[in-house]
Amino acid sequence: AGEIQLRAAQWVVDRASEAWSLDDQHRLDAWLKEATAHEVAYWRAKHAWEKADRVVALKAPMQRGAQPQTRVNRSGLFRMAAVACGLAVLGVAAMEMNKAPDYTIYSTPVGGRKILSLGDGSRIELNTDTVLRLSRDRGARIAFLDRGEAFFDIRHDAVHPFTIEARGRRIVDIGTKFLVRSGQERLEVSMLEGEVTLSAPKNSGDKPSKLTAGDVAVATNTSTVITKEPGPAIADAASWRQGMLVFRHTTLADAVAEFNRYNDAQLVVVGDRAGSLKIDGKFQTHDVETFAEVAKDVLHLRVQKIGKKTVMSR
């Protein structure tokens, strides 16, 4: 446990560096997926980091008129500050390890689903490869969607609204049905019924967005785009609850990416021309072979089985 917490603290410190890259993020994501213990350790370390006063100094921009530091000095200063902050992270995390966690962790493997029935009558359904933390405080209705996708069917309670934290955004709901999908680059909220508010990007000064039935909000770190979708399109997005995937004039590349979320046996599309072809149909989430056969017959593709991969090309 000590080694895992140490590694988690190092990830948090490294991620604050300006040198952090997309490859670094992929390695972190892979490490987090290895074990739930890694995710818990990372959350603790991240929480401790955010508490540390030194973070403000690390992230503060250079004041105007100040003499620029040399690259070597800046790098050295950052390493020294990072080590100091890392030790602070470890200290706080170690103390928090001795406390009982204030939330319960629920997760699903690739291709898995899970239904949570809450004491207030609400239900949460977890989709494939999802991690959700649920507050143990009986007086609070709070969930943290750390990865993946979930369907929320929340019972009405105007006094105690249900709150979801995901990708730095907050979704507040009194009672409704909606989908939340948290990816690496964006957060997507699809409304089936009722109304929620979605917080604006941090430090933007914007007001929260109000979402009602049919709204689909795509939120990034800097923006929120809301579109109105017809009822059938929203229902299609939730078809995974019945173990199905529905495609309506969907590009083959997008359909394959969706299939790959649910299966260890991966589909591969070779070439932009093949990936841009459109496909329609309703498929079981795990029926990769049928999907590949339909793509072969309808789109006239060449399909090859190579190990666990099914390769489609023109």
Side-chain angles (χ1 to χ4, degrees), residues 21-30 32-33 108-113 127-130 147-151 166-167 179-190 216-314:
S21 66
L22 186 58
D23 288 340
D24 293 327
Q25 184 64 49
H26 290 331
R27 284 192 289 271
L28 170 58
D29 292 338
L32 291 173
K33 287 184 178 181
T108 56
V110 172
R113 297 202 308 273
N127 197 5
T128 177
D129 193 22
T130 294
R147 185 178 74 235
E149 184 176 20
F151 169 76
R167 285 196 55 82
L179 291 167
V180 181
R181 181 167 172 174
S182 179
Q184 291 184 3
E185 303 296 331
R186 67 183 197 174
L187 176 72
E188 188 171 322
V189 182
S190 302
V216 175
V218 176
T220 66
N221 292 336
T222 58
S223 66
T224 304
V225 177
I226 302 173
T227 58
K228 203 75 173 181
E229 298 291 341
I234 301 292
D236 289 347
S239 61
W240 57 265
R241 297 174 57 213
Q242 288 76 45
M244 306 297 293
L245 295 175
V246 179
F247 303 121
R248 299 184 190 275
H249 214 50
T250 306
T251 66
L252 183 63
D254 288 342
V256 163
E258 194 65 16
F259 250 104
N260 287 345
R261 294 177 62 212
Y262 297 85
N263 299 280
D264 291 323
Q266 298 282 281
L267 292 163
V268 178
V269 181
V270 178
D272 294 338
R273 288 183 61 196
S276 64
L277 296 173
K278 302 296 180 63
I279 191 167
D280 295 84
K282 187 174 183 178
F283 304 88
Q284 293 183 355
T285 55
H286 299 301
D287 197 352
V288 175
E289 292 184 1
T290 296
F291 176 80
E293 285 300 315
V294 170
K296 176 182 177 181
D297 295 339
V298 174
L299 303 179
H300 309 293
L301 296 176
R302 181 184 179 189
V303 176
Q304 291 178 292
K305 192 72 178 293
I306 304 176
K308 284 189 174 183
K309 294 182 178 179
T310 299
V311 181
M312 296 180 286
S313 60
R314 297 205 72 172

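Of the inter-residue distances, the one linking Q304 atom CD with S313 atom OG reads 6.0 Å to the nearest 0.5 angstrom. Rounded to the nearest 0.5 Å, atoms CG (L22) and CD (Q184) are 7.5 Å apart. Note: N263 CG to T285 OG1 = 6.5 Å, rounded to the nearest 0.5 Å.
In this pair, F291 and F283 present their aromatic rings perpendicular. The plane angle is above 60°, beyond the 30 to 60° band.
Residues W240 and T128 form no side-chain contact, since every pair of their non-hydrogen atoms from C-beta on lies 4.5 Å or further apart. Between V189 and V218 the shortest side-chain heavy-atom distance does not fall below 4.5 Å.
In the displayed structure, E293 atom CD is contacted under 6.0 Å by more than 12 heavy atoms of other residues, nucleotides or ligands. Counting heavy-atom neighbours within 6.0 Å of D272 CG, excluding the residue itself, gives a total of 12 or less. The environment of CD in Q266 is crowded: more than 12 heavy-atom neighbours from other residues, nucleotides or ligands sit within 6.0 Å. Within a 6.0 Å sphere centred on NZ of K309, heavy atoms belonging to other residues, nucleotides or ligands number 12 at most. By the 6.0 Å contact criterion, CZ on R241 is enclosed, its count of non-hydrogen atoms from other residues, nucleotides or ligands being greater than 12. Counting heavy-atom neighbours within 6.0 Å of R186 CZ, excluding the residue itself, gives a total of 12 or less.
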What verdict does the side-chain contact (heavy atoms from CB on, under 4.5 Å) test give for V110 and D264, after you've listed the backbone C-alpha separation in whole Å, the side-chain angles of each residue and the deciding distance to 0.1 Å? CA-CA 7 Å; V110 172; D264 291 323; 4.0 Å; yes
Show the numbers, then the answer: is there a side-chain contact (heavy atoms from CB on, under 4.5 Å) between I226 and V216? CA-CA 6 Å; I226 302 173; V216 175; over 6 Å; no
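Look at K33 and D129 and you find a salt bridge, because one of the NZ, NE, NH1 or NH2 atoms lies within 4.0 Å of a carboxylate O, short of that distance. In summary, R248 and E229 do not engage in a salt bridge, as defined by a charged side-chain N under 4.0 Å from a carboxylate O.
Judged purely by atom type and a 3.5 angstrom limit, T250 has no side-chain atom pairing as donor or acceptor with the backbone of A255. Judged by distance alone, with hydrogens and angles left aside, the side-chain atoms of N260 form a donor-acceptor pair with the main-chain N or O of L267 at under 3.5 Å. Listed for the D24 side chain is a donor-acceptor partner under 3.5 Å among the backbone atoms of S21. Judged purely by atom type and a 3.5 angstrom limit, S190 has no side-chain atom pairing as donor or acceptor with the backbone of L179.
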